Amino acid sequence: MKDTTKRLKAVLLGAGNRGMIYADYALRYPERLEIIAEIDTDKTHRNEAKINRERKREGFIRYNLKDSMVFDNIDDFLKAKISADFVINATMDASHYSTTMKLIAAGYDILLEKPVTNCKKELLEIQRAADQKGVKIVVCHVLRYTPFYRTIKELIMKGEIGRVLTMELNEHVGISHFLDSFVRGKWSSEKECGSSFLLQKSCHDTDLICWLHNDADPKHVSSFGSRSLFIPQDAPKGATEFCYNCPHNSVCLYSAQKVHLELDSMPFQTWERIGKPVDTITREEKEEYLKHSRYGRCAYNSGGDINDRQVVSVEFADGVTACFTMVGGASRGGRDIYIVGDKGEITGHLEDDRFILRKFRREPDYGYDEEIIDVKNKIANHTENATHSGGDCVLMQDAVEYFENGTMSVSITDINDSVNGHCLVYAAEEARKEKKIIDFDGFKNN
């Protein structure tokens with residue numbers, strides 16, 4: 001299915017926010033990538049991909065696709081037998097397995113949004129099928145590609161802090177993001193979306209743990225966590241189902257009108273079901289939408305059931321330990337890391353785009369030398385290309401290179417290297433729910 005005489009050709013399956021971020025690489029670097037087809041069940045998404053003369057006059061055009069290259073389901077696309085270098089699979093979590101298995105069977109290489117799946121059995125089946133078919137699958141673990149984590153990985157590989165002893169990572173999800181995605185949004189319920197908070201939001205972090213220390217496999221896993229922030233019994237007295245007519249609306253910290261209408265921090269997600277391009281939706285339409293939409297519901301009575309905080313502890317086969325803490329609803333969102341080796345340590349905050357490297361010294365006094373490693377100048381364009389701290393853009397650069405000629409960077413790996421990070425989530429969830437320590441090797445292979 002390769003055409004080596006031209007720029008790479010990709011198909012976008014699932015044209016939501018994440019899918020568009022990956023596919024829009026073709027708009028910035030048209031000499032490297034072209035989007036030749038799109039598949040999406042949502043009519044608004046499909047229309048944005050087509051040749052739309054009305055929108056073109058306004059200066060807006062996306063992939064300029066003909067009607068014949070836009071599909072509302074994957075089966076019709078597969079019947080068309082369209083030649084492409086790879087498919088960007090950015091469907092919802094619960095659809096990843098079925099769509100990916102169909103793409104593998106058809107022989108397409110795949111850039112697959114994380115998480116791969118919420119089921120260990122399905123994950124291993126995808127792994128086996130890809131290996132047997134000779135299909136390349138790159139999972140979108142975008143944090144690996146950020147200059148921040150990539151540089152840390154390179155320093156560890158160079159032995160700058162010696163042998164790694166411990167790793168501490170945490171993620172604090174800011175309150176507006178947490179409310180929009182995980183309290184009121186489509187990832188608020190594990191039953192609905194198919195993924196736990198740990199899997200959907202923080203399989204990035206479990207992947208980092210396994211990638212930063214891939215000298216050994218995890219050996220034991222434990223975890224604790226629950227939901228305590230947005231629960232019905234904590235709702236203010238007299239709170240209504242929807243915020244717009246609630247007596248507490250003007251003072252509540254979590255008011256839908258405040259978070260989603262005034263701040264409007266995630267418009268691409270909040271207003272998606274209105275069925276219009278976001279930039280054409282009026283404030284009046286948004287106000288009306290919040291009167292009946294899930295995004296307008298009381299945060300305490302939203303019906304969500306996912307955890308809002310969790311800790312995961314890992315012991316590797318070589319004795320290295322790691323711990324990860326996830327918190328939903330923090331005042332300041334972001335990720336922190338602290339790695340200690342036998343010759344030094346690395347610590348930093350991802351969103352600062354810099355970290356500290358400390359190296360032990362004996363002379364003139366017993367202490368350490370400290371260096372601040374600034375990676376801001378490694379982030380492409382600093383603005384539109386800087387999503388996920390620059391990781392999204394570098395992921396696409398590396399993926400295009402890999403699908404074209406098999407070249408692998410320090411960040412990019414195939415599906416086989418994504419298995420441990422995902423299985424670490426599955427093991428942690430079993431440990432949390434059953435209050436036990438998991439033998440990782442036995443869990444993964446049974």
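If you're wondering where the values come from, they're calculated on a predicted model, not measured in any experiment. Along the sequence shown, the residues carry numbers beginning at 1.
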Asks: Would Tyr63 and Asp24 count as having a side-chain donor-acceptor pair, cut-off 3.5 Å?
Replies: yes
Asks: Do Met396 and Tyr22 make a side-chain contact, defined as non-hydrogen atoms from C-beta onward lying under 4.5 Å apart?
Replies: yes
Asks: Nearest 0.5 Å please: distance from the NE2 atom of His292 over to the CG atom of Leu290.
Replies: 8.5 Å
Asks: Rounded to the nearest 0.5 Å, what separation is found between the CD1 atom of Ile36 and the CZ atom of Arg7?
Replies: 10.5 Å
Asks: Identify, with sequence neighbours excluded, every residue that meets salt bridge (Lys or Arg N to Asp or Glu O under 4.0 Å) alongside Arg32.
Replies: Glu401, Glu404
Asks: Tell me if the NZ atom of Lys258 is crowded by more than 12 foreign heavy atoms within 6.0 Å.
Replies: no
Asks: A side-chain contact here means heavy atoms from C-beta on lying under 4.5 Å apart; do Val221 and Ile437 qualify?
Replies: no
Asks: So does Asp207 pair up with Lys114, basic N to acidic O under 4.0 Å?
Replies: no
Asks: Any side-chain donor paired with an acceptor under 3.5 Å for Asp180 and Thr270?
Replies: yes
Asks: Is the distance between the ring centroids of His141 and His422 less than 6.0 Å?
Replies: yes
Asks: Is there side-chain contact between Leu261 and Glu287, with heavy atoms separated by less than 4.5 Å?
Replies: yes
Asks: Please walk me through it: do Glu171 and Ser202 pass side chain to side chain donor-acceptor pair (under 3.5 Å)?
Replies: CA-CA 8 Å; Glu171 179 183 11; Ser202 298; 2.9 Å; yes
Asks: I need the single residue from Lys186, Gln200, Lys201, Gln269 that forms a side chain to side chain donor-acceptor pair (under 3.5 Å) with Ser181. Which is it?
Replies: Gln269
Asks: Mind checking ring-ring contact (aromatic ring centres under 6.0 Å, His included) for His96 and listing every partner two or more places apart, or none if nothing turns up?
Replies: none
Asks: For Glu122 and Thr117, does a side-chain donor sit closer than 3.5 Å to a side-chain acceptor?
Replies: yes
Asks: Salt bridge check: are Lys102 and Asp75 linked by an N-O gap of less than 4.0 Å?
Replies: yes
Asks: If we only count heavy atoms from C-beta on, is the Asp336 to Leu350 side-chain gap below 4.5 Å?
Replies: no
Asks: Lys219 vs Asp441, test: salt bridge (Lys or Arg N to Asp or Glu O under 4.0 Å). Steps then yes/no.
Replies: CA-CA 6 Å; Lys219 183 178 181 181; Asp441 184 65; over 6 Å; no
Asks: Keeping Lys435 on the side-chain end and Arg432 on the backbone end, is there a donor-acceptor pair under 3.5 Å?
Replies: yes
Asks: Could you verify whether a donor N or O on one side chain and an acceptor N or O on the other, from Lys444 and Asn420, lie under 3.5 Å apart?
Replies: yes
Asks: Taking 4.0 angstrom as the limit, do Glu285 and Lys276 come out as a salt bridge?
Replies: yes
Asks: Specify whether Tyr300 and Tyr254 have parallel, tilted or perpendicular ring planes, treating 30° as the upper limit for parallel and 60° as the lower limit for perpendicular.
Replies: perpendicular
Asks: So, Tyr108 versus Phe77, ring centres under 6.0 angstrom or not?
Replies: yes
Asks: Do Phe71 and Asp40 have side chains that approach each other closer than 4.5 Å (heavy atoms only, starting at C-beta)?
Replies: no
Asks: Can you see whether Trp211 has Lys153 sitting over its ring - NZ or CZ less than 6.0 Å from the centre and within 45° of the normal?
Replies: yes
Asks: Quick one: does any side-chain atom of Asp352 pair with a main-chain N or O of Arg354 as donor and acceptor, under 3.5 Å?
Replies: no
Asks: Check whether Phe86 forms a cation-pi arrangement with Lys136 (NZ or CZ under 6.0 Å from the six-membered ring centre, at most 45° off the ring normal).
Replies: no
Asks: Once you round to the nearest 0.5 Å, how far does CG of Asp392 lie from OH of Tyr25?
Replies: 12.5 Å
Asks: So does Phe224 have more than 12 non-hydrogen atoms from other groups sitting under 6.0 Å from CZ?
Replies: no
Asks: Can you tell me if Arg332 and His349 form a side-chain donor-acceptor pair at under 3.5 Å?
Replies: yes
Asks: Centroid separation under 6.0 Å, is that true for the rings of Phe316 and His213?
Replies: yes
Asks: Applying side chain to side chain contact (heavy atoms under 4.5 Å, CB included) between Val87 and each of Ile74, Thr100, Leu13, Leu112, report the one that passes.
Replies: Leu13
Asks: Hey, are Ser226 and Arg309 close enough side-chain-wise for a donor-acceptor pair under 3.5 Å?
Replies: yes
Asks: Relative to each other, are the rings of Phe355 and Phe148 parallel, tilted or perpendicular (30° and 60° limits)?
Replies: perpendicular
Asks: How about Ser195 and Glu190: do any of their side-chain heavy atoms sit closer than 4.5 Å?
Replies: no
Asks: Got a second to check how far Ile231's CD1 is from Arg227's CZ, nearest 0.5 Å?
Replies: 8.5 Å
Asks: Quick one: does Cys140's side chain get under 4.5 Å of Leu111's, heavy atoms only?
Replies: yes
Asks: Using a strict cut-off of less than 4.0 Å between a Lys/Arg side-chain nitrogen and an Asp/Glu carboxylate oxygen, indicate whether Asp264 and Lys286 qualify as a salt bridge.
Replies: yes
Asks: Could you check whether His260 and Arg184, counting side-chain N and O atoms only, form a donor-acceptor pair closer than 3.5 Å?
Replies: yes
Asks: Does Cys210 offer a backbone N or O that forms a donor-acceptor pair with the side chain of Asn214 under 3.5 Å?
Replies: no
Asks: Taking C-beta and beyond as the side chain, do His248 and Cys243 meet within less than 4.5 Å on heavy atoms?
Replies: no
Asks: Do any N or O atoms from the side chain of Asn307 and from the backbone of Gln310 form a donor-acceptor pair under 3.5 angstrom?
Replies: no
Asks: Could you state the interatomic distance from CD1 (Ile110) to CD1 (Ile137), rounded to the nearest 0.5 Å?
Replies: 4.5 Å
Asks: Treating Thr206 as the side-chain partner and Gly421 as the backbone partner, does any N or O pair qualify as donor plus acceptor under 3.5 Å?
Replies: yes
Asks: Between OG of Ser228 and CG of Asp308, what distance do you get to the nearest 0.5 Å?
Replies: 4.5 Å
Asks: Mind checking whether Phe242 and Tyr244 have parallel, tilted or perpendicular rings, split at 30° and 60°?
Replies: tilted
Asks: Do any N or O atoms from the side chain of Arg150 and from the backbone of Arg144 form a donor-acceptor pair under 3.5 angstrom?
Replies: no
Asks: Examine the side chains of Glu429 and Ser223 and answer whether a donor and an acceptor come within less than 3.5 Å of each other.
Replies: no
